[in-house]
Amino acid sequence: MSDRKVNVAMAQLLVEGGEVNRNFERAFNFVKQASQQDCKLIVLPETIDFAWTHPRSKTESEPIPGAYSDQFCQMAKEFNIYICVGLTEKINDNKRFNTALLIDSEGKIVIKYHKINLLSVEHDYYEVGNTLNVVSTPFGKVGLNICADNYPDALHIGHTLARMGAEIILSPSSW
(Lines give C-alpha, C1' and ligand atoms only; values in the text may rest on other atoms or scores of the structure.)
Protein backbone atom coordinates (compact mmCIF):
# COMPACT_ATOMS: atom_id res chain seq x y z
CA MET A 1 0.00 0.00 0.00
CA SER A 2 1.26 3.49 -0.77
CA ASP A 3 1.45 6.38 1.66
CA ARG A 4 -2.14 7.48 0.86
CA LYS A 5 -4.02 8.74 3.87
CA VAL A 6 -7.75 8.81 4.44
CA ASN A 7 -9.88 9.84 7.38
CA VAL A 8 -12.28 7.02 8.19
CA ALA A 9 -15.25 7.23 10.55
CA MET A 10 -16.77 4.23 12.28
CA ALA A 11 -20.32 5.00 13.35
CA GLN A 12 -21.28 2.99 16.39
CA LEU A 13 -24.94 3.83 16.78
CA LEU A 14 -28.11 2.45 18.26
CA VAL A 15 -29.94 0.26 15.74
CA GLU A 16 -33.48 -0.33 16.98
CA GLY A 17 -35.21 -3.50 15.83
CA GLY A 18 -37.70 -2.74 13.08
CA GLU A 19 -37.32 1.06 13.35
CA VAL A 20 -36.03 1.88 9.87
CA ASN A 21 -36.76 5.61 9.89
CA ARG A 22 -35.16 6.24 13.29
CA ASN A 23 -32.13 4.11 12.38
CA PHE A 24 -31.66 5.95 9.09
CA GLU A 25 -32.04 9.34 10.80
CA ARG A 26 -29.25 8.42 13.22
CA ALA A 27 -27.10 7.23 10.30
CA PHE A 28 -27.74 10.48 8.41
CA ASN A 29 -26.54 12.49 11.41
CA PHE A 30 -23.36 10.39 11.68
CA VAL A 31 -22.65 10.70 7.95
CA LYS A 32 -23.15 14.46 8.10
CA GLN A 33 -20.88 14.77 11.13
CA ALA A 34 -18.18 12.59 9.53
CA SER A 35 -18.19 14.69 6.36
CA GLN A 36 -17.85 17.87 8.45
CA GLN A 37 -14.74 16.32 10.04
CA ASP A 38 -13.17 15.75 6.61
CA CYS A 39 -13.77 11.98 6.62
CA LYS A 40 -13.80 10.42 3.17
CA LEU A 41 -15.24 7.07 4.29
CA ILE A 42 -17.72 6.03 6.95
CA VAL A 43 -18.60 2.51 8.10
CA LEU A 44 -22.13 2.04 9.42
CA PRO A 45 -23.54 -1.05 11.19
CA GLU A 46 -24.74 -4.37 9.84
CA THR A 47 -28.47 -4.60 8.98
CA ILE A 48 -29.03 -0.96 9.92
CA ASP A 49 -32.55 -1.09 8.51
CA PHE A 50 -34.23 -3.62 10.82
CA ALA A 51 -31.39 -4.74 13.09
CA TRP A 52 -29.87 -8.17 13.01
CA THR A 53 -32.46 -11.00 12.79
CA HIS A 54 -35.52 -8.85 13.39
CA PRO A 55 -38.82 -10.51 12.30
CA ARG A 56 -40.01 -7.46 10.30
CA SER A 57 -37.07 -7.93 7.95
CA LYS A 58 -38.84 -10.98 6.55
CA THR A 59 -41.78 -8.95 5.28
CA GLU A 60 -40.54 -5.37 4.95
CA SER A 61 -37.02 -5.62 3.51
CA GLU A 62 -36.31 -3.97 0.15
CA PRO A 63 -34.38 -4.95 -2.98
CA ILE A 64 -30.99 -3.36 -3.69
CA PRO A 65 -30.98 -1.01 -5.45
CA GLY A 66 -34.22 0.14 -3.93
CA ALA A 67 -35.85 2.52 -1.48
CA TYR A 68 -33.47 1.89 1.43
CA SER A 69 -30.18 1.72 -0.46
CA ASP A 70 -31.18 4.80 -2.46
CA GLN A 71 -31.25 6.83 0.76
CA PHE A 72 -27.61 5.94 1.47
CA CYS A 73 -26.64 6.64 -2.14
CA GLN A 74 -28.17 10.09 -1.77
CA MET A 75 -26.31 10.68 1.51
CA ALA A 76 -22.99 9.69 -0.09
CA LYS A 77 -23.55 12.10 -2.93
CA GLU A 78 -24.85 14.92 -0.74
CA PHE A 79 -21.92 14.73 1.68
CA ASN A 80 -19.27 13.67 -0.88
CA ILE A 81 -18.27 10.62 1.18
CA TYR A 82 -17.89 6.88 0.64
CA ILE A 83 -20.40 4.93 2.75
CA CYS A 84 -20.13 1.30 3.80
CA VAL A 85 -23.48 0.16 5.18
CA GLY A 86 -25.27 -3.09 6.01
CA LEU A 87 -28.87 -3.64 4.89
CA THR A 88 -31.31 -6.52 4.63
CA GLU A 89 -31.76 -7.25 0.92
CA LYS A 90 -34.96 -8.77 -0.41
CA ILE A 91 -34.41 -10.86 -3.54
CA ASN A 92 -37.94 -12.22 -3.82
CA ASP A 93 -40.73 -13.03 -1.38
CA ASN A 94 -38.76 -15.77 0.37
CA LYS A 95 -35.08 -14.84 -0.14
CA ARG A 96 -33.17 -12.26 1.85
CA PHE A 97 -29.48 -11.57 2.32
CA ASN A 98 -27.53 -9.82 5.05
CA THR A 99 -25.87 -7.40 2.63
CA ALA A 100 -23.03 -4.87 2.85
CA LEU A 101 -22.67 -2.06 0.34
CA LEU A 102 -19.85 0.25 -0.55
CA ILE A 103 -21.23 3.42 -2.08
CA ASP A 104 -18.87 5.93 -3.68
CA SER A 105 -18.93 9.69 -3.13
CA GLU A 106 -21.04 10.14 -6.28
CA GLY A 107 -23.79 7.91 -4.86
CA LYS A 108 -23.06 4.79 -6.92
CA ILE A 109 -23.03 1.30 -5.39
CA VAL A 110 -19.55 -0.05 -6.23
CA ILE A 111 -19.67 -3.30 -4.21
CA LYS A 112 -22.59 -5.38 -3.01
CA TYR A 113 -21.62 -8.28 -0.74
CA HIS A 114 -23.77 -11.03 0.82
CA LYS A 115 -22.63 -12.37 4.20
CA ILE A 116 -21.11 -15.86 3.93
CA ASN A 117 -20.47 -16.99 7.52
CA LEU A 118 -24.00 -16.99 8.90
CA LEU A 119 -24.47 -17.91 12.52
CA SER A 120 -27.09 -20.58 13.24
CA VAL A 121 -29.66 -18.00 14.43
CA GLU A 122 -29.40 -16.23 11.04
CA HIS A 123 -30.38 -19.18 8.83
CA ASP A 124 -34.09 -18.48 9.27
CA TYR A 125 -33.56 -14.90 8.09
CA TYR A 126 -30.84 -14.85 5.42
CA GLU A 127 -29.45 -16.88 2.56
CA VAL A 128 -25.72 -17.66 2.47
CA GLY A 129 -23.67 -15.47 0.15
CA ASN A 130 -21.10 -16.88 -2.26
CA THR A 131 -19.07 -14.08 -3.87
CA LEU A 132 -16.21 -11.77 -2.94
CA ASN A 133 -15.18 -8.57 -4.70
CA VAL A 134 -12.66 -5.78 -4.40
CA VAL A 135 -12.81 -2.34 -5.98
CA SER A 136 -10.25 0.39 -6.55
CA THR A 137 -10.96 3.63 -4.71
CA PRO A 138 -8.97 6.85 -4.29
CA PHE A 139 -7.67 5.45 -0.97
CA GLY A 140 -6.78 1.92 -2.10
CA LYS A 141 -8.40 -1.37 -3.05
CA VAL A 142 -11.34 -2.15 -0.78
CA GLY A 143 -13.10 -5.42 -0.02
CA LEU A 144 -16.16 -6.08 2.14
CA ASN A 145 -17.26 -8.72 4.59
CA ILE A 146 -19.71 -8.68 7.49
CA CYS A 147 -19.33 -9.30 11.22
CA ALA A 148 -19.02 -13.09 11.72
CA ASP A 149 -17.08 -13.34 8.45
CA ASN A 150 -14.16 -12.33 10.73
CA TYR A 151 -14.64 -15.16 13.25
CA PRO A 152 -11.80 -17.69 13.50
CA ASP A 153 -13.74 -20.27 11.46
CA ALA A 154 -14.13 -17.78 8.58
CA LEU A 155 -10.75 -16.06 8.41
CA HIS A 156 -10.30 -17.49 4.93
CA ILE A 157 -12.77 -14.83 3.72
CA GLY A 158 -10.44 -11.99 4.72
CA HIS A 159 -7.41 -13.90 3.46
CA THR A 160 -9.08 -14.38 0.08
CA LEU A 161 -9.96 -10.67 -0.13
CA ALA A 162 -6.30 -9.86 0.57
CA ARG A 163 -5.17 -12.26 -2.18
CA MET A 164 -7.63 -10.46 -4.47
CA GLY A 165 -5.73 -7.24 -3.75
CA ALA A 166 -7.76 -5.71 -0.92
CA GLU A 167 -5.69 -3.20 1.01
CA ILE A 168 -8.65 -2.28 3.21
CA ILE A 169 -11.39 -4.66 4.37
CA LEU A 170 -14.54 -2.99 5.69
CA SER A 171 -16.90 -5.01 7.85
CA PRO A 172 -20.25 -3.66 9.06
CA SER A 173 -21.10 -5.39 12.34
CA SER A 174 -23.94 -5.60 14.85
CA TRP A 175 -21.74 -5.51 17.90
Side-chain angles (χ1 to χ4, degrees), residues 1-12 27 30-31 34-35 38-49 52-53 61-66 68-73 75-77 79-92 95-123 125-175:
M1 187 168 175
S2 72
D3 60 355
R4 292 173 289 210
K5 293 182 182 178
V6 61
N7 290 336
V8 178
M10 182 187 79
Q12 186 169 344
F30 272 93
V31 171
S35 72
D38 200 33
C39 289
K40 300 301 179 198
L41 168 65
I42 185 168
V43 181
L44 297 166
E46 172 183 17
T47 57
I48 197 171
D49 42 10
W52 189 66
T53 66
S61 57
E62 293 285 333
I64 297 174
Y68 295 160
S69 61
D70 289 353
Q71 291 183 52
F72 289 95
C73 292
M75 282 183 228
K77 187 174 182 177
F79 295 112
N80 191 35
I81 191 169
Y82 276 70
I83 296 175
C84 178
V85 63
L87 295 168
T88 308
E89 180 181 13
K90 176 182 178 177
I91 300 294
N92 58 40
K95 274 195 177 182
R96 287 163 314 283
F97 287 93
N98 183 338
T99 300
L101 303 176
L102 181 62
I103 303 165
D104 71 15
S105 58
E106 296 177 357
K108 178 183 172 197
I109 296 171
V110 295
I111 296 180
K112 179 168 73 168
Y113 167 76
H114 296 142
K115 187 175 183 180
I116 292 172
N117 191 39
L118 298 180
L119 302 179
S120 59
V121 68
E122 293 180 87
H123 288 278
Y125 292 87
Y126 314 115
E127 302 292 320
V128 176
N130 62 11
T131 60
L132 296 171
N133 294 292
V134 299
V135 64
S136 292
T137 71
F139 36 86
K141 285 192 177 180
V142 175
L144 301 181
N145 68 22
I146 301 172
C147 197
D149 290 330
N150 295 295
Y151 283 16
D153 64 335
L155 290 179
H156 60 281
I157 295 169
H159 295 162
T160 301
L161 286 168
R163 285 192 295 275
M164 293 170 69
E167 299 166 296
I168 299 169
I169 299 173
L170 304 174
S171 186
S173 298
S174 276
W175 45 270

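- Under the 4.5 Å side-chain criterion, counting only non-hydrogen atoms from C-beta, Asn133 is not in contact with Leu144.
- For the residue pair Asp104 and Val110, the shortest heavy atom distance occurs at OD2-CG1, 3.7 Å.
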*Tell me, with the steps shown, if Tyr113 and Thr99 meet side-chain contact (heavy atoms from CB on, under 4.5 Å).*
CA-CA 5 Å; Tyr113 167 76; Thr99 300; 5.9 Å; no
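- In terms of heavy-atom proximity, Cys73 sits nearest to Ile109 at SG-CG1, 3.8 Å.
- Within the structure, the salt bridge (charged side-chain N to carboxylate O under 4.0 Å, His left out) test picks out no pair touching residues 140-156 (sequence neighbours left out).
- Put simply, NZ on Lys40 and OG1 on Thr137 are 12.5 Å apart, with the number rounded to the nearest 0.5 Å.
- The closest side-chain heavy-atom distance from Tyr126 to Thr88 is below 4.5 Å.
- Here the closest non-hydrogen pair linking Leu118 and Val128 is CD1-CG2, 3.6 Å.
- Looking only at side-chain heavy atoms (C-beta outward), Lys95 and Glu127 come within less than 4.5 Å of each other.
- Between Tyr151 and Leu119, the closest side-chain pair of non-hydrogen atoms falls below 4.5 Å.
- Considering CG of Leu170 and CD1 of Ile42, their distance stands at 11.5 Å, rounded to 0.5 Å.
- Atoms CG and CD1, from Leu101 and Ile111 in turn, are 10.0 Å apart once rounded to the nearest 0.5 Å.
- When side chains are defined from C-beta on, Phe139 counts as touching Leu41, because their heavy atoms get closer than 4.5 Å.
- The CZ atom of Phe72 sits 10.0 Å away from atom CD1 of Ile64, with the distance rounded to the nearest 0.5 Å.
- For the pair Ser69 and Leu87, the minimum side-chain heavy-atom distance is below 4.5 Å.
- Legend: salt bridge (charged side-chain N to carboxylate O under 4.0 Å, His left out) pairs involving residues 105-120, not counting sequence neighbours, sorted by first then second residue: Glu46-Lys115, Glu89-Lys112, Lys115-Glu122.
- Of all heavy-atom pairs between Gly140 and Glu167, the closest is CA-OE1, 3.1 Å.
- In terms of heavy-atom proximity, Ala34 sits nearest to Ile81 at CB-CD1, 4.0 Å.
- For the pair Ser171 (side chain) and Cys147 (backbone), a donor-acceptor distance under 3.5 Å is present.
- Annotation for Ala100 and Pro172: closest pair CB-CG, 3.9 Å, computed over non-hydrogen atoms.
- Asn145 CG to Ile116 CD1: the interatomic distance, rounded to the nearest 0.5 Å, is 8.5 Å.
- Using a 4.5 Å heavy-atom cutoff, the side chains of Val31 and Leu44 are in contact.
- Judged by distance alone, with hydrogens and angles left aside, the side-chain atoms of Thr47 form a donor-acceptor pair with the main-chain N or O of Trp52 at under 3.5 Å.
- No side-chain heavy atom of Ile103 sits under 4.5 Å from any side-chain heavy atom of Tyr82.
- For the atom pair Gln12 CD and Ser173 OG, the distance stands at 10.0 Å (nearest 0.5 Å).
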*Stepwise side-chain contact (heavy atoms from CB on, under 4.5 Å) check, Arg96 with Ile91*: CA-CA 6 Å; Arg96 287 163 314 283; Ile91 300 294; over 6 Å; no
